[in-house]
Undergrad: 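My questions all concern the structure below.
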Amino acid sequence: MKVFLPVVAGVLVLLAGLVALFIFSFRWQHLRLWRLGKPEDRSGHVGDRLRTLLAVTFANFRICENKEFYPGVMHFLILWGTLLIFLGKIVRLFSFPVGLTIPPQTIFLYASFISEVGGVLVLVGAAMAVIRRYIVKPPRLETTPDRTLIYVWGAALIVTGYLIKGFRIASIGVPVPPGWVSWAPVSDLISRLVLILPTTPLNELLVWHRVLIHAIPALLLFAYIIVSHTPLQHLFLSPINVFLRSLRLKGILDPIPNFEEAETYGAKEIHELTWKQLLDLEACTNCGRCQDACPAHLTEKPLSPRRMTQNLKKHLWREGPKLAALPPAERSSEPVMENTVGDEELWACTTCMACEEACPVYIEQVRRNVELRRYLVLVETKFTPDIRLAFKNMQQSSNPWGLPRNLRTDWAKDLGVKQYAEETDPEFLFWVGCAGSFDARNQKVATALVKILQACGIRFGFLGNAEGCCGDSARRMGNEYLFMTLAEGNIETMKKASVKRILTLCPHCFHTLKHEYPQFGGEFEVIHYTQLLGDLLSQGRLKLTKPTEKVITYHDSCFLGRASGLYDLPRRILQSIPGLKLVEMDRHRNRSFCCGAGGGRMWMEEKIGTRINQMRTDHAIKTGAALVGTVCPYCLTMLEDGIKEKGKEETMAAFDLSELVVRSME
């Protein structure tokens, strides 16, 4: 006991020092960098945040959700093994001063046992990690010297812990209850291989060996984690990020505050991102799951979400301390776009949200990318000619094709569609969208939907030539001013017409009108046509009897699926069509692959690597289906082009769900 007490006291002092070091380092190394960012509210809904935190941190919810069994088990073993080791060590540490060790009491024995089990779990999980990172070597993983150091250091601590305890068991000279060593099964096994030394000074010798060989190296490891930019800092940074995640649906962009008075727009320098976006950078674990999900990266574009985030993290570490030392009015640093993110890298993003869906710690990349685009577009006016043309067309003609606005209703001349103001007690405003109004292929989709509505007795009307572009592409390409102009014009038109409920054809229009127009006073009830068809089917007002004896695969639209969570409804509609057999592509539902047209990419030339729509078409071809079902004008266009480019017109065709429903109606 004479040896134990000062040693325990010393360890407690060191632990207190580590806590103080953590608090100081966290404030100096992280908090002051996050404070550089613009304000953003992430308060409220504490209960929901805590539930997510517990599910993600302790139950590996996000990894399991993405069906990654091997890394899920690996992470689970390391995490829970570490927690058991810590719990056992803490209990045993406080057992010494209160005399629970001689003879060992029950609580001490339990603590010894869970430490032993925890060590085994960590070693097994670490072995799985080493196999995966150094032998299997998935392309998305980076193996750096600091990661190797952590593996070696951590394994050495656990092994030395077993060796020291085994040595103590082999040479113990104090009376203990029979069989107590069974509470330390691994160390007991090791003790059988240990040479027993003279026992006179052995007790003190063992204590000092434990301190010098095990305790101090462990404390040094903790200090290393705290003060350096080691990957293990995700142990506390990632849970913070999970707790502060956005609770909104994915894909919703925020307006630029005080647009008329703002001196600059978007993010030129790192501190012009929000504080949460800066936290995102530091919380990134560099796991590469976003990269594996990114259609731009997988088709050999310059964009890798993982690499972009890691590069921005290094940019923050490089510029942040210098900025933090300056008064806010004097802060200036090297621009992000000129030094860290390339133009082609940024414009390759389709804003499909696949990276955010795959991220285990809820890093939000799309909003950050749009902020960088806003700076290029609104301040630098730096973008390609095809983007310039799309902006010009939306500004002058209120559609990206640049076709005269008075042609917007030509598709409906023979369908008997009334103006909304002329319809008696209309149930919906049918928002046709630019594609349904001007694109010849998608005009057929709009026609099919009109026929369904008329057959089911739905009273509706449209705005005709008064309808304008919803502005989705403009906003996601960074032209917030153009988006505001389009949105405010449409909102004014709909308010004058006393519109209450809107039915959309396009998921992009649906998302924008429902979730982003309220930012400018446009409060309407908005539904996508698949939601209405689902209701009509369940009510028996829509009857599908004519069979379609085909095999179909369904392509999930990013903005109906990931952005709005509507995965089952389109499938139920397809399954309601007699004779139609649904098969799934490898990437479907929340893991669906973008068609390549989102984020304004519909209006940009795709010159680098494989075309995204061609890769998605390959996914569809692999299923052996004769039909590809879509619910989005962009997706329909891109997949039809992909089928033609792959020379599969004779064996495969793409259709919107509304067209298939019309074929099957009585």
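We count residues from 1, following the sequence as given.
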Undergrad: For Met477 and Gly600, work out which heavy atoms get closest and say how close.
TA: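 Smallest interatomic distance, heavy atoms only, reads CG-CA, 3.6 Å.
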Undergrad: Any chance CZ of Arg663 has more than 12 other-residue heavy atoms, nucleotides or ligands included, within less than 6.0 Å?
TA: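 Atom CZ in Arg663 is not crowded, with 12 or fewer foreign heavy atoms closer than 6.0 Å.
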Undergrad: Closest approach of Met585 and Thr553, non-hydrogen atoms and distance?
TA: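 Looking at all heavy atoms of both residues, the closest pair is CG-OG1, 3.3 Å.
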Undergrad: Could you tell me which non-hydrogen atom of Leu141 sits nearest to which non-hydrogen atom of Cys287, and how far apart they are?
TA: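 Residues Leu141 and Cys287, closest heavy atoms: CD2-O, 3.4 Å.
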Undergrad: Taking only Lys NZ, Arg NE, NH1 and NH2, and the carboxylate oxygens of Asp or Glu, determine whether Arg373 and Asp343 approach each other closer than 4.0 Å.
TA: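 No, Arg373 and Asp343 are not salt-bridged.
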Undergrad: Show the nearest heavy-atom pair for residues His555 and Cys635, with the distance to one decimal.
TA: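 Reported closest heavy-atom pair: NE2-SG, 3.3 Å.
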Undergrad: Without swapping roles, check the side chain of Ser564 against the backbone of Leu566 for a donor-acceptor pair under 3.5 Å.
TA: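 Between the backbone of Leu566 and the side chain of Ser564 there is no qualifying donor-acceptor contact (under 3.5 Å).
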Undergrad: Around Glu605, counting heavy atoms of other residues, nucleotides and ligands shown, do more than 12 lie under 6.0 Å from its CD?
TA: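 It does not: Glu605 CD has 12 such atoms or fewer within range.
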Undergrad: Is it true that a side-chain atom of Lys137 and a backbone atom of Arg132 form a donor plus acceptor pair closer than 3.5 Å?
TA: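 Absent.
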Undergrad: Are Arg475 and Glu516 close enough, and set up right, to give a salt bridge (Lys or Arg N to Asp or Glu O under 4.0 Å), and what steps lead you there?
TA: CA-CA 10 Å; Arg475 189 171 223 192; Glu516 297 184 353; 3.1 Å; yes
Undergrad: What verdict does the side-chain contact (heavy atoms from CB on, under 4.5 Å) test give for Cys352 and Phe559, after you've listed the backbone C-alpha separation in whole Å, the side-chain angles of each residue and the deciding distance to 0.1 Å?
TA: CA-CA 8 Å; Cys352 70; Phe559 274 77; over 6 Å; no
Undergrad: Using only heavy-atom distances, determine whether the side chains of Thr274 and Arg367 contain a donor-acceptor pair under 3.5 Å.
TA: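 Side-chain D/A pair, Thr274 to Arg367: absent.
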Undergrad: Looking at Lys301 and Glu606, does any basic side-chain N land under 4.0 Å from a carboxylate oxygen?
TA: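 Salt bridge between Lys301 and Glu606, a charged N being under 4.0 Å from a carboxylate O: yes.
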Undergrad: Let me confirm one number: the CG-CG distance from Leu273 to Leu316, rounded to the nearest 0.5 Å.
TA: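 Between Leu273 CG and Leu316 CG, I get 9.0 Å after rounding to 0.5 Å.
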Undergrad: Classify the ring geometry between Phe483 and Tyr517 as parallel (under 30°), tilted (30 to 60°) or perpendicular (over 60°).
TA: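 If you compare the ring of Phe483 with that of Tyr517, the planes turn out perpendicular.
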Undergrad: Return yes if a side-chain donor-acceptor contact under 3.5 Å exists between Thr148 and Tyr134, otherwise no.
TA: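 A donor-acceptor contact under 3.5 Å links the two side chains.
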Undergrad: Starting from the C-alpha separation in whole Å, work towards a yes-or-no answer on ring-ring contact (aromatic ring centres under 6.0 Å, His included) for Phe593 and His619.
TA: CA-CA 9 Å; Phe593 201 77; His619 297 164; 5.0 Å; yes
Undergrad: For Leu569 versus Thr530, what's the shortest heavy-atom pair and its separation?
TA: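 Looking at all heavy atoms of both residues, the closest pair is CD2-O, 3.3 Å.
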Undergrad: For residues Val450 and Phe430, determine if any side-chain heavy atom of one lies less than 4.5 Å from a side-chain heavy atom of the other.
TA: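 Side-chain contact under 4.5 Å: yes.
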Undergrad: Please report the interatomic distance CD(Gln277) to CG(Leu372), rounded to the nearest 0.5 Å.
TA: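 So the CD of Gln277 and the CG of Leu372 are separated by 8.5 Å.
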Undergrad: Quick check: closest heavy atoms across Glu356 and Val366, and the distance to 0.1 Å?
TA: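 Residues Glu356 and Val366, closest heavy atoms: OE2-N, 2.9 Å.
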Undergrad: Check this for me, if you would: do Asp280 and Arg368 make a salt bridge, where the nitrogen-to-carboxylate-oxygen distance has to be below 4.0 angstrom?
TA: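 No salt bridge links Asp280 with Arg368.
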Undergrad: Checking Glu467 side chain against Gly433 main chain: does a donor-acceptor pair fall under 3.5 Å?
TA: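 Answer holds: yes.
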Undergrad: Distance-only, no hydrogens or angles: does the Ser538 side chain make a donor-acceptor pair with backbone N or O of Asp535 under 3.5 Å?
TA: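 Yes: the side chain of Ser538 pairs with the backbone of Asp535.
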Undergrad: Using a strict threshold of under 4.0 Å (side-chain N to carboxylate O), is an ion pair present between Asp556 and Arg589?
TA: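 A salt bridge is absent here (no side-chain N lies under 4.0 Å from a carboxylate O).
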Undergrad: Apply side-chain contact (heavy atoms from CB on, under 4.5 Å) to residues Trp603 and Trp401 and explain how you reach the verdict.
TA: CA-CA 9 Å; Trp603 321 111; Trp401 283 273; 3.8 Å; yes
Undergrad: Between Ser238 and Ala283 (side chain of the first, backbone of the second, donor and acceptor by atom type, cut-off under 3.5 Å), is there such a pair?
TA: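 Answer holds: yes.
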Undergrad: When rounded to the nearest 0.5 angstrom, what is the spacing between SG in Cys632 and CG in Asp656?
TA: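 Interatomic distance, Cys632 SG to Asp656 CG, rounded to 0.5 Å: 9.0 Å.
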Undergrad: Would a 4.5 Å heavy-atom cut-off, applied to side chains only, mark Phe510 and Leu560 as touching?
TA: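 Counting from C-beta outward, Phe510 and Leu560 do come under 4.5 Å.
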Undergrad: Would Glu525 and Arg501 pass as an ion pair if we require N to O under 4.0 Å?
TA: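 Yes.
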Undergrad: Report the residue from Thr299, Asp618, Leu298 that forms a side chain to side chain contact (heavy atoms under 4.5 Å, CB included) with Thr610.
TA: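 It is Thr299; the other options fail the test.
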Undergrad: Kindly indicate, with the supporting measurements, whether the criterion side-chain contact (heavy atoms from CB on, under 4.5 Å) is fulfilled by Tyr362 and Val56.
TA: CA-CA 10 Å; Tyr362 295 98; Val56 172; 3.7 Å; yes
Undergrad: Would you say Val242 and Thr52 make side-chain contact, with heavy atoms under 4.5 Å?
TA: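 Yes, side chains in contact.
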Undergrad: Under 3.5 Å, is there a donor-acceptor pair between the side chain of Gln310 and the main chain of Arg307?
TA: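 Looks like no, no N/O pair under 3.5 Å.
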Undergrad: Assign the ring pair His508 / Tyr634 to parallel, tilted or perpendicular, where the plane angle (0 to 90°) is split at 30° and 60°.
TA: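 The rings of His508 and Tyr634 sit tilted, inter-plane angle from 30° to 60°.
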Undergrad: Mind running side-chain contact (heavy atoms from CB on, under 4.5 Å) on Leu303 and Trp347 for me, showing each step along the way?
TA: CA-CA 9 Å; Leu303 173 63; Trp347 288 109; over 6 Å; no
Undergrad: Which residue in the set Arg562, Arg289, Lys250 passes salt bridge (charged side-chain N to carboxylate O under 4.0 Å, His left out) when paired with Glu357?
TA: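 In the set Arg562, Arg289, Lys250, the residue that makes a salt bridge (charged side-chain N to carboxylate O under 4.0 Å, His left out) with Glu357 is Lys250.
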Undergrad: Please check if any side-chain donor atom of Thr637 sits under 3.5 Å from a side-chain acceptor atom of Asn442, or the reverse.
TA: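 There is such a pair (donor and acceptor under 3.5 Å, judged by atom type) between the side chains of Thr637 and Asn442.
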Undergrad: Are side-chain heavy atoms of Leu389 and Asn393 found at a separation under 4.5 Å?
TA: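 A side-chain contact under 4.5 Å exists here.
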Undergrad: Look up atom OG1 in Thr617 and atom CD1 in Ile643, then write down how far apart they are to the nearest 0.5 Å.
TA: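 Answer for the OG1-CD1 pair, Thr617 versus Ile643, is 6.0 Å.
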Undergrad: Verify, without hydrogens or angle tests, whether Asn241 (side chain) and Val361 (backbone) share a donor-acceptor contact under 3.5 angstrom.
TA: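 Answer holds: yes.
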Undergrad: Would you call Glu40 and Arg42 a salt bridge, using N to O less than 4.0 angstrom?
TA: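 Looking at Arg42 together with Glu40, the answer is yes, because their closest N to O distance falls below 4.0 Å.
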Undergrad: Rounded to the nearest 0.5 Å, how far apart are CE of Met394 and SG of Cys434?
TA: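 These two atoms lie 8.5 Å from each other.
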Undergrad: Set out, in order, the CA-CA distance, both residues' side-chain angles and the distance that settles salt bridge (Lys or Arg N to Asp or Glu O under 4.0 Å) for Arg374 and Glu480, then state yes or no.
TA: CA-CA 7 Å; Arg374 283 174 173 175; Glu480 184 70 7; 2.9 Å; yes
Undergrad: Do Arg571 and Asp568 meet the salt-bridge criterion of a basic N to acidic O distance under 4.0 Å?
TA: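 No.
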Undergrad: Quick check on the 6.0 Å ring-centre criterion: do Phe391 and Phe383 meet it?
TA: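 Ring centres of Phe383 and Phe391 closer than 6.0 Å.
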Undergrad: Is it true that a side-chain atom of Glu282 and a backbone atom of Leu237 form a donor plus acceptor pair closer than 3.5 Å?
TA: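 No, because the side chain of Glu282 does not come within donor-acceptor range (under 3.5 Å) of the backbone of Leu237.
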Undergrad: Heavy-atom count around Glu549 CD within 6.0 Å, excluding the residue itself: above 12?
TA: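 Atom CD in Glu549 is crowded, with more than 12 foreign heavy atoms closer than 6.0 Å.
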Undergrad: Using only atom types and a distance under 3.5 Å, with no angle test, would you say the side chain of His528 pairs donor to acceptor with the backbone of Leu505?
TA: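 It does hold such a pair.
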Undergrad: Is the side chain of Arg601 donor-acceptor paired with the backbone N or O of Thr350 at a distance under 3.5 Å, no angle test?
TA: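 It does not hold such a pair.
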Undergrad: Going by distance alone, is a donor N or O of one side chain under 3.5 Å from an acceptor N or O of the other, for Thr447 and Trp411?
TA: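 Judged by distance alone, the side chains do not pair up.
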Undergrad: I'd like to know whether CD of Glu645 has more than 12 heavy-atom contacts from other residues, nucleotides or ligands below 6.0 angstrom.
TA: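 Count over threshold, so yes.
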Undergrad: If the threshold is 4.0 Å, N to carboxylate O, is there a salt bridge linking Glu364 and Lys276?
TA: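 Salt bridge flag = yes for Lys276 with Glu364.
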Undergrad: Does a side-chain N-to-carboxylate-O contact under 4.0 Å join Arg441 and Glu640?
TA: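 Salt bridge: yes.
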Undergrad: With rounding to the nearest 0.5 Å, note down the distance linking CD in Gln531 to OG1 in Thr504.
TA: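 It is 8.0 Å, given to the nearest 0.5 Å.
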